[in-house]
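Numbered from 1 within each chain, the chains take letters A, B, ... in sequence-line order.
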Amino acid sequence: MGELRIAGHLIWAKIRSEAQYPASLIAHLIAQVLVLGLDLLAIWALFLRVHALGGWTRGQVLGLYAISGTAFGIGDLFVSAVERTAEHVRLGTFDRFLLRPAGTLIQLLANEFELRRLGRLIQPVVVLVLVLTSVAVDWTPAHIALCAAMIVGATTMYSAIWVSTAALAFWIPSTQEFANAFTYGGQYASQYPISIMGEWMRRILLTAIPLGLVAYVPGIELFGAANPMGIARWMSFVAPFAGVPVALAAGLLWRAGTRHYRSTGS
Amino acid sequence: MIAPLSSAAIEMHDLSKVFDRRVKAGRFRRVNERHEAVQAISLTVPRAEIVGYIGPNGAGKSTTIKMLTGILQPSSGTALVAGLVPLEERVKLARRIGVVFGQRSNLWWDLPLADSFDLLRHVYRVPSVDHARTLAWLTELFDLGGFLASPVRALSLGQRMRGELTSALLHNPEIVFLDEPTVGLDVVSKHAVREALRTIHREQGVTVVLTTHDLADVEELCPRLVIIDHGRLIHDGPTADLKVRFGGERTLVVDLVEAREPLIVAGATCTKVDGPRQWLQFAPVISAASVLAAVAGQADVRDLTVQEPAIEDIVRRIYQGART
Ligand SMILES: Nc1ncnc2c1ncn2[C@@H]1O[C@H](COP(=O)(O)OP(=O)(O)OP(=O)(O)O)[C@@H](O)[C@H]1O
Ligand SMILES: [Mg+2]
């Protein structure tokens with residue numbers, strides 16, 4: 001808790017300094033909303049040609065898109081700044097986090113917090129509210145919990161992947177592009193029903209980079225959607241927790257990385 | 001303060017750091033090279049002592065400090081700082097030490113200096129009453145009043161350095177590591193920083209490890225001097241003993257009544273002649289009086305001075321000696 005309070009103070013300081021340039025902030029937010037709007041347009045255009053995608057209706061696909069997008073947006077806002085690790089390692093400025101009495105990861109995230117990243121969250125949240133109120137979801141208590149678990153689980157999963165790939169910078173200084181392939185690439189992949197993808201891609205998304213587990217698999221149950229892969233129903237309720245072991249592994253990797261940190265000569 | 005006073009502030013035992021470096025070997029090939037930046041240094045610093053930790057560029061001073069402050073994992077050997085193992089007990093240790101790297105900043109670039117201090121209060125969880133008291137004291141000591149409200153990026157180097165020192169002292173650390181805190185400062189600022197450090201040491205009894213390339217810092221502040229080179233300890237002792245131990249030639253400067261050819265004096269060599277003025281250098285075992293007597297036997301002396309060796313010269317010779 002104490003760590004979160006510290007992070008809160010650091011983030012608040014960052015917001016204040018960012019608010020010194022309100023025009024830039026607003027322009028950035030608008031641009032992000034517009035760019036993400038193109039995603040919606042693509043889904044809409046797709047459904048002009050087909051009636052279903054992997055057996056999923058337009059509303060169901062939009063629901064999956066919105067949940068995945070919201071989780072990604074939250075992760076982007078609070079955790080994606082971890083990609084700055086590479087820079088801090090290269091310049092030796094990671095020193096200062098090690099010198100202060102708080103966790104290094106939380107300090108780094110708070111120090112690199114940028115309110116402008118909120119832009120990625122606005123659009124998916126709006127879509128989420130619209131879709132969840134219009135698509136036929138049977139809002140039993142179990143489904144409400146499942147919906148929340150999907151968002152938390154997917155956020156955890158994205159964050160863990162971000163942290164793991166960023167931690168590689170402690171060993172290999174220039175890993176940024178490699179990291180982006182996992183996070184941004186993974187986000188695109190998890191927006192759509194994975195049953196439409198090739199066999200090997202499906203496997204990856206269910207095991208190695210298990211983004212399919214936190215979005216698609218529970219989505220089948222939540223939206224009562226088609227299940228061409230015949231995934232067992234209990235899996236839908238267990239799958240959102242797939243983020244937990246991945247997050248623990250990410251934490252261990254980060255810890256090992258900080259021990260491997262070698263600072264710079266001057 | 002927390003640990004019993006009998007235990008040392010800092011204990012190092014065979015502390016070493018090896019860096020693996022990729023170096024070019026031929027046009028495309030690169031090989032790993034082991035670079036021993038710190039080699040088996042053993043050192044004990046008692047509480048409330050000020051130690052000057054000096055050495056030429058690349059000697060391993062900063063690397064040692066990074067191992068003591070929990071930034072770097074030692075390759076071998078052990079270190080205890082305030083009774084804690086630095087990287088293992090990093091968070092605990094961070095509360096009890098203060099660190100300034102003169103070449104780096106610990107402050108928030110875009111925020112007013114005062115805001116940086118306020119953030120550090122939260123990070124170190126210092127009660128606000130204590131914080132206000134310490135800050136008021138340090139503000140006066142480092143004369144920060146004029147620029148507390150300025151963003152750090154707008155401060156001059158001297159102002160920023162005083163801010164950095166304040167930021168490292170705000171949580172009342174027991175042990176302070178200062179790596180080149182006077183680098184780039186003018187004479188007046190250097191003097192102000194030294195005075196402030198002296199006051200802090202006197203009033204708070206902190207232990208200080210000071211790294212610098214300005215030997216006046218050491219002469220004015222550090223009763224004890226440790227010299228390292230190539231990662232090895234080459235001298236450890238009272239600063240005042242340095243001249244005795246490493247000798248250093250003294251010089252007798254005589255103004256003769258008339259100009260003449262260089263004097264020939266046993267035990268001394270004439271290093272320079274400028275009109276009637278001559279410089280005679282002699283070893284520390286020889287007394288100035290015997291040199292003067294020999295000179296007076298050959299020529300009439302109007303005036304004289306004896307020049308002591310500068311600490312710079314002694315240290316330069318120690319560095320050069322270690323290189324060969
Ligand atoms: N992160 C690093 N990676 C590789 N080599 C390093 C690293 N940090 C330091 N070194 C090497 O270790 C040696 C000691 O460096 P260090 O920074 O400790 O020297 P120093 O005594 O502080 O020198 P200076 O007076 O120039 O600051 C140097 O040869 C340096 O090149
Ligand atoms: Mg150095």
Side-chain angles (χ1 to χ4, degrees), chain A residues 1-21 24-25 87-115 170-174 254-266, chain B residues 17-22 35 37 57-58 60 62-63 65-67 69-73 75 86-112 115-116 118-126 151 153 167-168 171 173 177 179-180 183:
Chain A
M1 268 334 271
E3 299 258 311
L4 285 181
R5 269 242 301 284
I6 293 173
H9 284 290
L10 295 173
I11 288 174
W12 180 233
K14 287 290 288 188
I15 292 177
R16 271 179 304 162
S17 55
E18 214 176 337
Q20 289 173 9
Y21 310 98
S24 152
L25 176 62
E87 204 178 309
H88 285 292
V89 168
R90 198 167 42 78
L91 299 177
T93 42
F94 195 78
D95 285 12
R96 92 167 70 144
F97 303 129
L98 287 162
L99 289 175
R100 293 181 187 151
T104 48
L105 181 57
I106 202 160
Q107 284 186 74
L108 180 111
L109 296 184
N111 253 284
E112 299 295 344
F113 180 85
E114 283 181 311
L115 193 57
F170 287 111
W171 290 274
I172 322 155
S174 51
W254 181 265
R255 201 179 146 78
T258 55
R259 268 140 201 265
H260 199 266
Y261 174 62
R262 41 189 289 167
S263 188
T264 52
S266 60
Chain B
K17 182 72 191 180
V18 180
F19 287 111
D20 282 319
R21 292 201 279 212
R22 305 279 292 164
H35 179 75
N57 290 129
S62 300
T63 304
I65 291 182
K66 284 173 188 170
M67 285 191 281
T69 52
I71 293 174
L72 288 179
Q73 174 101 305
S75 302
L87 196 57
E88 298 300 318
E89 297 165 284
R90 183 184 72 74
V91 173
K92 253 193 198 163
L93 180 66
R95 281 183 208 292
R96 295 171 60 179
I97 60 173
V99 188
V100 172
F101 286 104
Q103 316 269 15
R104 296 270 169 77
S105 181
N106 191 30
L107 303 166
W108 280 263
W109 211 237
D110 290 323
L111 296 178
D115 288 20
S116 279
D118 198 49
L119 280 177
L120 287 171
R121 171 172 86 78
H122 293 298
V123 173
Y124 284 87
R125 295 182 218 172
V126 180
R153 66 178 130 77
S167 80
H171 55 285
F177 295 89
D179 192 342
E180 303 192 35
V183 67

Next item on the list: For the pair A/Arg259 and B/Glu88, find out whether any cationic side-chain nitrogen is under 4.0 Å from an anionic carboxylate oxygen.
Entry: yes

Checklist line | Validation row: B/Asn106, B/Val100 side chains within 4.5 angstrom (heavy atoms) | finding: no

Checklist line | Donor + acceptor pair across side chains of B/Arg121, B/Ser116 (<3.5 Å) | finding: no

Next item on the list: Return the option, out of B/Thr63, B/Asp20, B/Ile97, with the maximum number of heavy-atom pairs under 4.5 Å with chain A.
Entry: B/Asp20

Next item on the list: Heavy-atom distances under 4.5 Å only: say whether A/Phe94 touches chain B with side chain, backbone, both or neither.
Entry: neither

Notebook entry, point to check: Using a distance-only test with no angle check, is there a side-chain donor-acceptor pair under 3.5 angstrom linking A/Trp254 and A/Thr104?
Noted result: yes

Notebook entry, point to check: What part of B/Leu87 lies closer than 4.5 angstrom to a heavy atom of chain A: side chain, backbone, both or neither?
Noted result: both

Item checked: Segment of B/Val123 engaging chain A (4.5 angstrom heavy-atom cut-off) -> both

Next item on the list: Could you tell me which of B/Gln73, B/Lys92, B/Arg125 has the largest number of non-hydrogen atom pairs under 4.5 Å with chain A?
Entry: B/Arg125

Notebook entry, point to check: So, B/Lys66 side chain and A/Thr264 main chain: donor-acceptor pair closer than 3.5 Å or not?
Noted result: yes

Next item on the list: Determine the interplanar angle of the B/Tyr124 and B/His171 rings, folded into 0 to 90°, and report it as parallel if under 30°, tilted if 30 to 60°, perpendicular if over 60°.
Entry: parallel

Next item on the list: Sort out for me which of B/Asp179, B/Thr69, B/Leu93, B/Leu119 touches chain A most, counting heavy-atom pairs under 4.5 Å.
Entry: B/Leu119

Check: Is it the side chain or the backbone of B/Arg90 that comes within 4.5 Å of chain A heavy atoms, both, or neither?
Finding: side chain

